[in-house]
Each structure stands twice: as structure tokens, then as C-alpha cells.
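Here is how names work: the chains are called A, B, and so on, in the same order as the sequence lines, proteins then strands, and each is numbered from 1.
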Amino acid sequence: MAKIAKRSEDYSQWYLDIVMRAEMADYAPVRGCMVIRPWGYAIWERMQRALDDMFKATGHQNVYFPLLIPQSFLEKEAEHIEGFALECVTVTRVGKEPLEEPLVLRPTSETIVWAMYKKWIQSWRDLPLLYNQWANVVRWEMRPRLFLRTTEFLWQEGHTAHATAEEAIEEAERILEVYRTFAQEWMAMPVLSGRKTDAERFAGAETTYAIEGLMQDGKALQAGTSHYLGQNFAKAFDVQFQNRDGDLQYVYATSWGVSTRLVGALVMSHSDDDGLVLPPKLAPIHVVIVPILKAEADNAAILAAAHRAAESFAEAVEVKVDDRDNVSPGWKFNEWELKGVPVRIEIGPKDLAKGQVVVVRRDTGRKTPIAQEEATARVQAILEEMQGSLFAKAKERLDANCRNADSYDQFKHTIEEVGGFVFAPWCGRPECEAQVSDETKATIRCLPDEAEACPACMVCGNGPARRVPFARAY
RNA sequence: CGGGGUGUGGCGCAGUCUGGCUAGCGCGCGUGCUUUGGGAGCACGAAGUCGCGGGUUCAAAUCCCGCCACCCCGACCA
């Protein structure tokens, strides 16, 4: 079977090869759409579970809103419709009859959510409303890419309503922190986080916060966003409540989401030329046991030992015995490496004789013989160690790819020749931001809270300026 | 939307320029035997309206006209 493309030679093809060959997803018959296959979906399910627990732990409840949104709803918030108009897919007909009003396949649900919030919110006692939904959305993007940007994608979208701006901002920032924690502790993906510039802000938001990861090719990837919506949607949908003093006030809002794009981010964060590398906390299978069968050996005893080992692991981790007899051990090694299973255990006649198993780590490829009775404990320790070391390695790469530039020439050179995040002084004017983006295709990824003060903008030379991270992004 | 490319068994391709015999090759798939510590070998076998529609011709995967779809690179986006 053909090898996957080399990461260093054709990054884009390498990414596609891993997604396809690890059987995470496949192209569907409709442009830009994909089928998420069991291995990809199992990873998404693991992400969902972890995130859902975090949302519940911060007081949110799950709901479900419909897929179809009356077109007029989208049009109620001017900036919102302007932002989404070009990518909305609209249903206009039932059978052969045209619909009274066209229905949009939700590109995001703020409008229909707020149409309903109007019914449910009258008093300060009804607030806050902390809802989340797991759903699919449709955006007819110009350039699809498996997991990273598909026409239809899965995500969660939180929609919350609050009595005060302070409380809503606090919520948006709390969720940003949830995302940051999830990215780092579960995906082992270090991120930059902060506010977006006005140019990069979500259509209809006052403030957008985001986490930004750095892929192995030096491009940034927006991995999650949390928006403070102010009273924009409350005003568009006339959602008012009576406060403690009996005054009518518009409600303050947030919305926030992460999507199946995270699966793509995961692939791009840790994988290598042998395929996917999964952080143990998100791996659908932690340990695969490959029995090594031989014509001259007692295969029944080897298989029994493999299943016994699996039982001893079963309580602690997800384990699978690959006892297929139609493919060779070498084939299995390659396949499970391609799929990113963190630990492989080989049990053959030699091991049986020595009372040991051979343990192989996916990230380092190191093979270690371990006594049978110690295997469970040692493997658990290895999994924990691997989770940490994947993060450490990714963090090291991120840090190594955060560079400063002080002049615009130096900036251009670094963006062009080196990539990564380039921290450079910016005065805050949209004109300078746009010029950089036009000339270098690099954008300001976020405005970190602790951004260093600088005397002059690298573009216009005016002060005061702050040092902010630019990058080319997916 | 601009640029490039591709459509031929499940996958990857050759064949198209220069029309012609039974449309080939590799992988995969099925059966059997031998194998199995880094993508096994042999034997036999199944599987193709050549993207769609029209046209030219004795004859079209191949030439002509029209259409469609998907992929890749850019601008937009999670």
C-alpha cells in the first residue's frame, strides 16, 4: 500500500492522506461535504463528552433548535446578515410549490434563538439563560477542506442571556477559558487567546474572543470563538426584561462555539509521517494488542495471553485485541500507527516464554519489554506521560515559532520565509491592519491581554502601539 | 468568483494526441493452500453503461458540440 505524503514535502497532501487513510472521513457526493467515518466520529465523540461535561459544570443546559430559520430572521440584525448572506443555503420550495417565505439552513442560530428568548424572558428572575446546543450548521464556503472547513459541519453553540453587560462579558471570558483549557489539557494543543480585532469580529458581536493554535506548517488556526453580543440581538428581536427596579431593559447576550474543525486541528498538531498521533485523552482506543502468531508456535496460548492482557487493561483504558488472521503483524503495526493509537502491545512466543509483553509508544516509537504483571500500571503511566509530552512538544514548537519583528520589512521577511506567529507593533488602526493583510496575507490573530506597549506602529509609524501576534491562517 | 486539474472495475492509474481486434496494469476484493516479530507468497476467480447528453463515422474511452461533477491553488470563513 502506498505511503502517505511527507509532511515536509507536501503538508496539504499529508494532512489529506492522514484523514483519508486513517479512515476519519471521506468525501461525500456533494461539494464540500464529508462523511465522518467511525474513527473520526469516535474522536469527535470524545471531544464532545469532555466539552459537554465542562459546559454542564459551568451551569449550562442543552437544548435543540430547528435547522430551518425564516429568512426574515437573518435580516433583522444588519451586520449579522451582511456577514452571512453570501454563504447561506436557502430552501425555497416544497414539492413543486414555492414557499411563502424562504427558509435558511442555519449558518448559526442566534436569530432563531433570540426569537424564542423573546417568549421566555420577561423578568430579571428569568436570567441568566445558559443554553447550549449540539447541532449541524451549513455554510457554503468558497474553499472547503476536510474537517477544517466543510459545507456542513458539526459544532456546539452556546447562547446565553444576561441581565448586565458585566455578567455577559464574564460569561464570554469564562467560556474562552473553557476552550483554552480543553485545547491544552485534552487536545495537548497550546493556544494563544485574546480578543479579536474589529475586522476579525463575528458579524453581530461587540467583542469576539478566540483561541488560536499553530499548525505544524506554521499557519495559525482559529480553534474556538466566544462572543460578547452586547444588546445587539436583544434589540433586533426586542427582548426586554424588567429589572429589580421595575425598569424595562434589553438583555445582554453571548454566543460561543467549537466545531469538528477541532478534529482537523488535532491531526495537524501532533501527527507525523507515519500518520495520526492522538493524545491519549481523546484516543478512541488507548492500547491495541497484536498477537504474533507462528506456524510452529502454540497460537492458542498466545491468543489467550492477548485476551488475558486485554482484560487486565479493560478497567483502566480502552483496549482492543487485533486478532485478525488475514493480515500480518507488520500490516497491523502500520495500520494502528496510521490511526494514532497511543500504545501498541505485542505478544509473541518469545514474550510468552519470558513472561513479558512488548510495549510500543506511538509518539516516540520506542519499544520496551515489560513484565506481564507490571504492564497495566506501566501502560497507564506511559499514557499519562504521553499526554504531557505531546503538550510539551507542541508548546515548545509554539514558543519557537513566536517571533518578534519591529520593522515592517523584518515582519514581511519573517512571515514570508519563516511563518509562525510574528509579534509586531500595531497602532490599532484598521487601515494598518488591512494593509498588512493585503500585502502579506497575514492577519492579527488576537489581542493578548498582556500585549507589550511599543512606541510606534510598524506600518504607519504612529504611536502608541502594542505588540500583537500576526500570522497566516487557515 | 479567478487560475489549474481530473472524471475509465472499490482505490490509484495507462490507453485519448494518431478512431479499429476481447479496454489494460498495480493495489484491493473472494476462494484455497503455505505464511505471520515492520505493509507475505502462489494459484484460481469476481468485478468496467470509459461522468452525462447530443453529433460525426462502417466503427468512438479516443474526434466535434454542449452540460455536469469533484479535486487542488488563491480571495472569504469555525
Side-chain angles (χ1 to χ4, degrees), chain A residues 1-5 10-13 15-17 20-21 23 26-34 82-88 107-108 135-157 179 196 199-203 208 210-213 220-227 255-265 274-275 290-297 299 302-303 322-338 344-353 357-358 360 365 367 369 437-438 441 443 472-474:
Chain A
M1 196 177 284
K3 287 282 169 193
I4 62 177
D10 189 344
Y11 191 82
S12 182
Q13 189 59 48
Y15 170 78
L16 281 171
D17 283 348
M20 297 285 281
R21 295 279 304 285
E23 297 182 338
D26 200 355
Y27 292 105
V30 178
R31 190 202 89 106
C33 290
M34 66 173 174
E82 199 188 320
F84 284 103
L86 293 176
E87 56 203 61
C88 284
T108 178
N136 58 339
V137 287
V138 173
R139 297 180 187 176
W140 206 264
E141 299 286 359
M142 289 181 260
R143 177 128 153 61
R145 211 161 141 64
L146 291 179
F147 283 113
L148 296 177
R149 199 181 309 97
T150 47
T151 300
E152 177 186 359
F153 58 95
L154 305 183
W155 74 346
Q156 57 70 216
E157 46 179 330
Y179 289 161
K196 284 286 189 180
E200 301 278 323
R201 199 166 32 100
F202 173 73
T208 288
I211 56 170
E212 293 278 333
L221 181 75
Q222 182 170 305
T225 49
S226 179
H227 315 291
S255 69
W256 28 275
V258 294
S259 72
T260 36
R261 166 177 276 193
L262 290 181
V263 178
D274 294 324
V290 179
I292 311 295
L293 308 176
K294 302 264 194 188
E296 71 277 13
N299 287 338
I302 292 169
L303 282 168
D322 186 352
D323 55 7
R324 288 175 294 175
D325 61 0
N326 60 331
V327 289
S328 68
W331 200 95
K332 292 174 186 176
F333 298 166
N334 282 288
E335 175 170 270
W336 292 112
E337 280 165 9
L338 188 56
R344 177 177 81 240
I345 292 183
E346 303 170 15
I347 304 180
K350 292 181 223 162
D351 305 302
L352 214 52
V357 297
V358 174
V360 187
K367 292 192 181 192
S437 156
D438 288 346
K441 292 181 214 150
T443 48
R472 285 183 178 160
Y474 276 98

With a cut-off of less than 4.0 Å, is there a side-chain N or O of [X] near OP1 or OP2 of [N]?
| X | N | result |
| --- | --- | --- |
| A:R143 | B:G74 | yes |
| A:S12 | B:C73 | yes |
| A:Y27 | B:C72 | yes |
| A:S328 | B:A40 | yes |

| field | Residue pair A:R149 / A:Y474: nearest heavy atoms and the distance that separates them | value | NH2-C, 3.5 Å
| Taking for each residue the nucleotide of RNA chain B with the nearest heavy atom, is it A:R149 or A:I347 whose nucleotide lies nearer the 5' end? | A:I347
| said: With nearest nucleotide decided by heavy atoms, which residue, A:L146 or A:L293, maps closer to the 5′ end of RNA chain B? | reply: A:L293
Which part of the nucleic acid, if any, lies within contact of [X], taking any heavy atom under 4.0 Å across all strands shown: a base, the sugar-phosphate backbone alone, or nothing?
| X | answer |
| --- | --- |
| A:G257 | nothing |
| A:K441 | sugar-phosphate |
| A:G365 | nothing |
| A:T150 | base |
| A:L16 | sugar-phosphate |
| A:Q13 | nothing |
| A:R472 | nothing |

| Is it the case that A:S255 and A:H227 place a side-chain donor and acceptor less than 3.5 Å from each other? | no
| Under a 3.5 Å cutoff on both atom distances, Watson-Crick or G-U, what's the dot-bracket for RNA chain B ([ ] crossing, | other strand)? | (((((((..((((......[...)))).((((((.....)))))).....(((((..]....))))))))))))....
| message | If the threshold is 4.0 Å, N to carboxylate O, is there a salt bridge linking A:E335 and A:R344? | response | no
| task | Using a strict cut-off of less than 4.0 Å between a Lys/Arg side-chain nitrogen and an Asp/Glu carboxylate oxygen, indicate whether A:R143 and A:E141 qualify as a salt bridge. | result | no
| Set of residues satisfying side-chain hydrogen bond (donor to acceptor under 3.5 Å, both in side chains) with respect to A:T443, sequence neighbours excluded | A:R445
| task | Take atom CD of A:E141 and atom C1' of B:A75, then tell me their distance rounded to the nearest Å. | result | 12 Å
| request: Find out whether the Lys NZ or Arg CZ of A:R139 is both under 6.0 angstrom from the six-membered ring centre of A:W155 and within 45° of the ring's axis. | output: yes
| Using atom C1' of each nucleotide, how far apart are B:C13 and B:C68 to the nearest Å? | 23 Å
